[in-house]
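Computed over heavy atoms, backbone and side chain alike; hydrogens, waters and symmetry mates excluded. By convention in this document, chain letters (A, B, ...) are assigned in the order of the sequence lines, proteins followed by strands, and residues within each chain are numbered from 1.
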2 protein chains.
Amino acid sequence: MDYLDLKVKFLKGFADRTRLEILESIMDAEKTVLQIVSEIHGNQSNISQHLACLKGCGIVTARQEGKFIYYSLHDEQVKRLLTMFDTVLGDVEQQVASCDKNDQCLCGKSELKCLIKRRIISP
Amino acid sequence: MDYLDLKVKFLKGFADRTRLEILESIMDAEKTVLQIVSEIHGNQSNISQHLACLKGCGIVTARQEGKFIYYSLHDEQVKRLLTMFDTVLGDVEQQVASCDKNDQCLCGKSELKCLIKRRIISP
DNA sequence: TCCATATATTAGTATTGACTAATGTGTTTG
DNA sequence: CAAACACATTAGTCAATACTAATATATGGA
């Protein structure tokens, strides 16, 4: 694993809907797994796996207290980064939203418009 | 597609080795597709697809001039974000590098240690 | 010690995404 | 207009990843 691989892994940590929901949930205060599970949709197993992922990506840290494990953002820098995502996305949101022009890319291939374009289903 | 989906898509745009290589390549100056292709490994088709992806994610923009198309970062904010990735990664690099503890997560399941853990191959 | 609670792990499946090779489109130049 | 060039698109394949359900581990308390 070279530096670029580490960077990819770190960034992939953020690039998932469930994980972003988790991060939003613990943005301002540490939470236990069950607290997170109840705040966002998801089941316990799934959330646990995503938390392990976030930890492995250096995005969150865990702190045990009795039978509870509290998760929080790794540090202030990570929080700043999360904030910056929104800032920058503000600039480009329109472009990203016009997904029609790049159906094939990161839109989820079972998205309706993508299925149409790929002629799996008809309009 | 709600706001969170847009954010996920935007972030996924960064979360790939080839795309990061492209971004590094055009970080300081716009480049044509062929220039990018020759600077990093990759073949033309592959790079073209990644460029379409980056464009769709609002990360780069394209400018046509004759038969050439010049790609560059979408704006200064995106450049700042790319810089910030390195800054924050500096803090957490050690944690990310110790991939052993989270084999299953974003390490690539055909990585040697992952294959061992999953008992596909033996140590 | 036995049970309940909190969380992690495993295994299996389905989806998503990256890559290659081949072909298509548009632009310039002879 | 035809050939060459620059780039985009398509289709197909394989690998990576997210999810569910079931099971395992660990902690605290009756």
(message) Strictly below 4.0 Å, N to O, side chains only: are A:Lys12 and A:Asp5 in salt-bridge contact?
(response) no
(request) Please determine if A:Lys7 and B:Asp16 form a salt bridge, counting it only when a charged side-chain N lies under 4.0 Å from a carboxylate O. (result)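 The answer is no: the pair does not qualify as a salt bridge.
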When the distance from [atom1] of [X] to [atom2] of [N] is rounded to whole Å, what number comes out?
X	N	atom1	atom2	value
A:Arg17	C:dG17	CZ	P	14 Å
B:Asn43	C:dA18	CG	P	15 Å
A:Gln49	D:dA22	CD	C1'	12 Å
A:Leu106	D:dA18	CG	C1'	15 Å
B:Arg63	D:dA6	CZ	P	16 Å
B:Gln35	D:dA6	CD	C1'	12 Å
B:Asn46	D:dA11	CG	P	18 Å
A:Ile47	D:dC19	CD1	C1'	11 Å

Between [X] and [N], does any side-chain N or O lie under 4.0 Å from OP1 or OP2?
X	N	result
B:His50	C:dC19	yes
B:Thr18	C:dA18	no
B:Lys67	D:dC7	no
A:Ser45	D:dA22	no

(request) Side-chain contact test, heavy atoms from C-beta onward, threshold under 4.5 Å: evaluate it for A:Glu39 versus A:Glu24 and give yes or no. (result)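 Side-chain contact under 4.5 Å: no.
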(message) Could you tell me if the side chain of A:Leu51 sits less than 4.5 Å from the side chain of A:Ile22, heavy atoms only?
(response) yes
Compare the minimum distances between each of [options] and the side chain of [X], then state the nucleotide with the smallest one.
X	options	result
B:Ser48	D:dT27, D:dT9, C:dA18	D:dT9
B:Lys12	C:dA18, D:dC7, C:dG17	C:dG17
A:Phe68	D:dC7, C:dA6, D:dT17	C:dA6

(request) Check if the side chain of B:Gln44 and the base of D:dA6 share a donor-acceptor pair of N or O atoms closer than 3.5 Å. (result)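 Answer is no: no donor-acceptor pair is held.
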(request) Describe the nucleic acid contact of B:Tyr71 in one word from base, sugar-phosphate, nothing, applying a heavy-atom distance below 4.0 Å. (result)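 The residue B:Tyr71 makes sugar-phosphate contact but no base contact.
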(message) Does either side chain, that of B:Gln49 or that of B:Ser45, offer a donor lying less than 3.5 Å from an acceptor on the other one?
(response) yes
(request) Return the 5'-most residue of the pair B:Val33, A:Gly42 with respect to DNA chain D, ranking by each residue's nearest nucleotide. (result) B:Val33
(message) Between B:Leu34 and A:Gln64, which residue's closest nucleotide on DNA chain D lies nearer the 5′ terminus?
(response)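 Per heavy-atom nearest nucleotide, the more 5' residue is B:Leu34.
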